[in-house]
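Order of the sequence lines sets the chain letters (A, B, ...), proteins ahead of strands, with each chain counted from 1. These figures come from a predicted structure and were not determined experimentally. The figures that follow rest on heavy atoms only: side chains count, while hydrogens, waters and symmetry mates do not.
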2 protein chains.
Amino acid sequence: MMKNAPRREDGLSRERIIEETIVLLDSHGEKGLTFRALAERLATGAGAIYWHVANKDDLLASACDEIVARALSAPLEDAPPEEVIRALALALFDAIDARPWVGSALTRAPLELPMVRILERLGQQVRSIGVPAQGQFAAAAALLSYIVGVSVQNAANAQIGRMLGGDRTAILGEVAQAWSRLDAEAYPFTRSMAAQLPVHDDRADFLTGINLILRGLAQS
Amino acid sequence: MMKNAPRREDGLSRERIIEETIVLLDSHGEKGLTFRALAERLATGAGAIYWHVANKDDLLASACDEIVARALSAPLEDAPPEEVIRALALALFDAIDARPWVGSALTRAPLELPMVRILERLGQQVRSIGVPAQGQFAAAAALLSYIVGVSVQNAANAQIGRMLGGDRTAILGEVAQAWSRLDAEAYPFTRSMAAQLPVHDDRADFLTGINLILRGLAQS
DNA sequence: ACCTGAACACCGTTCAAGT
DNA sequence: ACCTGAACACCGTTCAAGT
């Protein structure tokens, strides 16, 4: 065709829809993402969105992939592979922590593009480390499971704090109180750990786990 | 009061509701759990359920807790603590694998009773191992994160297979084909791993990770 | 080709009214 | 104390009709 600029500036597009989806998810959470709310933001009808997007799952998955792609694009520097893996892991941990909805989207669509993006990056570094060929897949898969699994779990924790309104310390303080009120017979360990909960650093523990896996990898 | 058996046999009760919730979740998945469907199964009105249960979140959380409690009640034997931890981890892995909805319920209500149940069990074993006092919480928390995180992630994988109808091998075969069709420039690692995907054992990898953490714990 | 917006078939939750 | 079931305020998705 000859005309190549027929698109109106205010026309809908997949990109614009997904961009606005991210804004909506960030501002109003997972249950705030509604075709009606999205349509209003885009100044269009609810049905129009379906021309560019298959359904709500597609919407969520695409928004998730966008965030994952951004998180992975940052740490590209050439450094020792272990260092790159740590950087990738933390970038994902922080991205999911900042947007808990990314976590549930990741869990909902397991072997899709976002996961493959991460696996690829991890795999390339696993190769650089020098892990023998027959162990590369298991190593990359273990890292992938750990990173995504723990990050999602952590983000869920953080989200509940945000939902209850208070700051992190206050929430954890309340949980700690609840723990110290548990039955002494059934929950001796948890009771005695109540005091440590509020001063606990999840991000540091996450990194400790990564280092543990990397150490195990080096031994094999 | 004097009369202590006024309850009709067909009366509703929290237990009966949760029991039927589990049946419904198992048979029709997470989106099959509906107050209307549940009411029909219980031969009552939708609103009656609200007399025994706060809301849908409460329903899901209670069903989840029931399953977690069952999974933890099995492996009680006195064995070396590392062995008990492995047994607990696998029991949870299998329970969540069999019921993916437990995974998302666990993620939705992070620091609630089900998680505390698991933490307590792990913590007691961590103590038995002889981990020094100031490291016990971090150790138990690391195990908890890993077990729940990876199990949830694995269950999500398994679920997608079930949803697509085919058996596990067939699904993974298709994913493997999709992987081998990825762009050679951008996804060299994933492409070369395509063949290994269908013969990969997630449960074994899960256990490998547990052993890795236990080994790290023994060193400290 | 792309958009509109009414309509359909659902939801969770509430609440007056019953027993 | 416990249950009923209609009613309310929403959903995702479809689809004739428009441009």
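In plain terms, the two heavy atoms of B:Ala63 and B:Ile18 that are nearest each other are CA-CG2, 3.9 Å.
One interatomic measurement links the two molecules: NE2 of B:His28 to P of C:dC10, which rounds to 14 Å at whole-angstrom precision. Atom CG in A:Asp57 sits about 11 Å away from atom P in D:dG12, given to the nearest Å. Atom-to-atom, OH of A:Tyr50 to C1' of D:dA17 comes out at 19 Å; the value is rounded to the nearest Å. If you measure from atom CG of A:Asn55 to atom C1' of C:dA9, you get 17 Å, rounded to the nearest angstrom. Distance, A:Asp58 CG to D:dT13 P: 10 Å, rounded to whole Å.
Pair assignment for C:dA17: none, as no Watson-Crick or G-U wobble contacts are both less than 3.5 Å. Across all strands shown, C:dC3 remains unpaired; no Watson-Crick or G-U wobble contact has both distances below 3.5 Å. Of the nucleotides present, none pairs with D:dC10 by Watson-Crick or G-U wobble criteria with both distances under 3.5 Å.
Under 4.0 Å is where a charged nitrogen must lie from a carboxylate oxygen, and between B:Arg70 and B:Glu66 at least one such pair does.
No side-chain donor-acceptor contact under 3.5 Å links A:Tyr146 to the backbone of B:Gly149. B:Glu30 contributes no side-chain N or O that, together with a main-chain N or O of B:Trp101, makes up a donor-acceptor pair within less than 3.5 Å.
Just one of A:Asn154, A:Thr208, A:Asp94 meets the side chain to side chain donor-acceptor pair (under 3.5 Å) condition when paired with A:Arg203; it is A:Asp94. With respect to B:Leu60, the side chain to side chain contact (heavy atoms under 4.5 Å, CB included) criterion is satisfied by exactly one of B:Thr21, B:Asn55, B:Leu25: B:Leu25.
Along DNA chain C, the nucleotide closest to B:Ala48 and the one closest to B:Lys56 are compared, and the more 5′ of them pairs with B:Lys56. Residues B:Ile49 and A:Gly47 each lie close to DNA chain D; by heavy-atom proximity, the contact nearer the 5' end of the strand is made by B:Ile49.
Between B:His52 and D:dC3, a side-chain N or O to OP1/OP2 separation shorter than 4.0 Å is present. At the phosphate of C:dC3, neither OP1 nor OP2 sits under 4.0 Å from any side-chain N or O atom of A:Trp51.
Annotation: side chain of B:Arg14 is in contact with side chain of B:Ser62 (closest heavy-atom distance under 4.5 Å).
Contacts between residues 30-40 of chain A and DNA chain D, defined by a heavy-atom separation under 4.0 Å, are made by A:Leu33, A:Thr34, A:Phe35, A:Arg36.
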